[in-house]
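We name chains A, B, ... by the order of the sequence lines, and we start the count at 1 in each one. The analysis underlying the following values was restricted to heavy atoms, covering all of them including side chains, and did not include hydrogens, waters or symmetry mates.
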Amino acid sequence: MLDALVIAAEGADGGGSFLVQPDVGLMLWTVVAFAIAAFLLQKFAFPPIAAALDRRQNMIEESIESAARTRAEADEVLAEYRERLAAAREQAEAIIARARKAAETTEQETIAQAKQRREELLEQTKRDIAAETRRAIQDIRNEVADLTILATEKITRKTLGEDDQRRLVEEALAELDFTALAGDAGSRN
Amino acid sequence: MTKRAKIWTGVGAYLGIGLLLGLIVGSAGRDENFQPQNEFRLDVWVDLPGPFDITKGVVYVIVAVAITVGLMIYIARRMEDKPNRVQTLIETVYVFLRDSITRNNMDASMAAKWFPFIATLFLFIWVSNMIGYIPMPVNTEHPITLFGIDFPTFQIYAATANLSVPLVLAAMVFIGYTVEGIRAKGPGGYLKALVPAGVTGPMAGFIFVLELFSNILRLISLSVRLFANILAGHLIILFMAGGIAVLLGIAAIAWLTLPLAVILFIFEIGLIATLQAFIFAILASIYFGGAVAQDH
């Protein structure tokens, strides 16, 4: 302690040399204190801080990654949705087109059917008329034959065999032209 | 009036008022007994065996270590995922120390190894500097006597305002990076690497001596830069806050110097305290990096 006192005395004498004179005691204390500080900080302070920072960094990285993932997923879903929407629209258009086509076809078919039906009816009517005409002519013919037989009977008072007579009438009638009647009936149609 | 003219007018007026005050009030006699630097003397407070006497500086070192360790562990044990302001500040400092100071200047394995040392250096110097600006009743040089008992008066003191503390820290840095350099390159290789690549012939010998000296002088530059900055800051605050008035015996002059003391105080605590801690830590880091780097 004598040294310190000597230095102190020198200092008090007016100089400031003690300011730049290293003090062994303080140096030793500093070494010890610093070593303890470094040890304690390294042991108890820095690891938790580093861990917390790492944890936060991981958290941030994870959030960013998860955000990116979510974004990608959303994009995917959106793309899919758009695709589906487009497909649905396409489908709808196809359906409409098909329906329109079907309607047109049906319309045409209906028209065609109606036409056909009308023509069939017309045909049928023609055939009916023709048949009726033929029948009427046949009736007339039969009537004429019967009347002729009757008349002949009345005139000749002689009865031929039914069959003979009929054959004769038929022959006579065959020479008659009924075609004018038939033709008349045909032209009426 | 131009800006320059305004400034010079202001300075002139300031000095003029100072002179005028001196002439009007007059000196009450210069105080020859007042030795402001003695406030920074390491008076023995507790006498312990060997060199382990408790002095003002020792108390400041221990308090600085206690605050550094206590604060850091307190924060470290309460790390939240959503940080509050204090935690954010400590985290910012930690990341700055880890990335900007350590990892930028060393390779990854060296950075991992020496980060605790560099970080402790910065934090210890920073806390030492900061608490050095808190006025404390530690001035036993100029005690105030009440009821026959000497009470210490308030002063601002800092462990780093004493050469011993920065010198020890610089010595640790010096030994640390020298050992790392020798381990990386071998004793011969380390010395050889002091000469920059490309220098050959007799010039190499000259450069080697120069580099060796500059290397050893880092001990002085590193420690004196810190010590002198802090001591000068404390002394100039002391002078401006009244020291000049006492020395000159012109009490009125303190009215002029006190505002300067306030400005300097803010400047010191806002910039110098942190800046010097940063410079010390980053230079230490650069020295470590340079010692193991393959190309000098």
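Comparing B:Ala161, B:Pro83, B:Ser223 by heavy-atom pairs within less than 4.5 Å of chain A, the highest count is held by B:Pro83. Here B:Ser164 is the residue among B:Ala228, B:Ser164, B:Ala171 with the most heavy-atom pairs under 4.5 Å with chain A. If you tally non-hydrogen atom pairs under 4.5 Å between each of B:Val165, B:Leu169, B:Val61 and chain A, the highest count goes to B:Val165.
Under 4.0 Å is where a charged nitrogen must lie from a carboxylate oxygen, and between A:Arg56 and B:Glu91 at least one such pair does. The pair A:Glu80-A:Arg84 meets the salt-bridge criterion, since a charged nitrogen lies less than 4.0 angstrom from a carboxylate oxygen.
Interface residue B:Phe124: only side-chain heavy atoms are found under 4.5 Å from chain A. Contact of B:Leu71 with chain A is not made at all, since no heavy-atom distance falls under 4.5 Å. Only the backbone of B:Glu80 comes within contact range of chain A, with heavy atoms under 4.5 Å apart. Both the backbone and the side chain of A:Ala50 come within contact range of chain B, with heavy atoms under 4.5 Å apart. When heavy atoms are compared at a cutoff of 4.5 Å, B:Tyr74 does not approach chain A at all.
With a 6.0 Å cutoff to the six-membered ring centre and a 45° limit on the axis angle, B:Arg218 does not count as a cation-pi contact of B:Phe174.
A donor-acceptor contact under 3.5 angstrom links the side chains of A:Gln124 and A:Arg127, judged on distance only.
Annotation: B:Leu283, atom CG; neighbour count of heavy atoms from other residues, nucleotides and ligands within 6.0 Å is above 12.
In this structure, B:Phe96 has its ring center no closer than 6.0 Å to that of B:Phe122.
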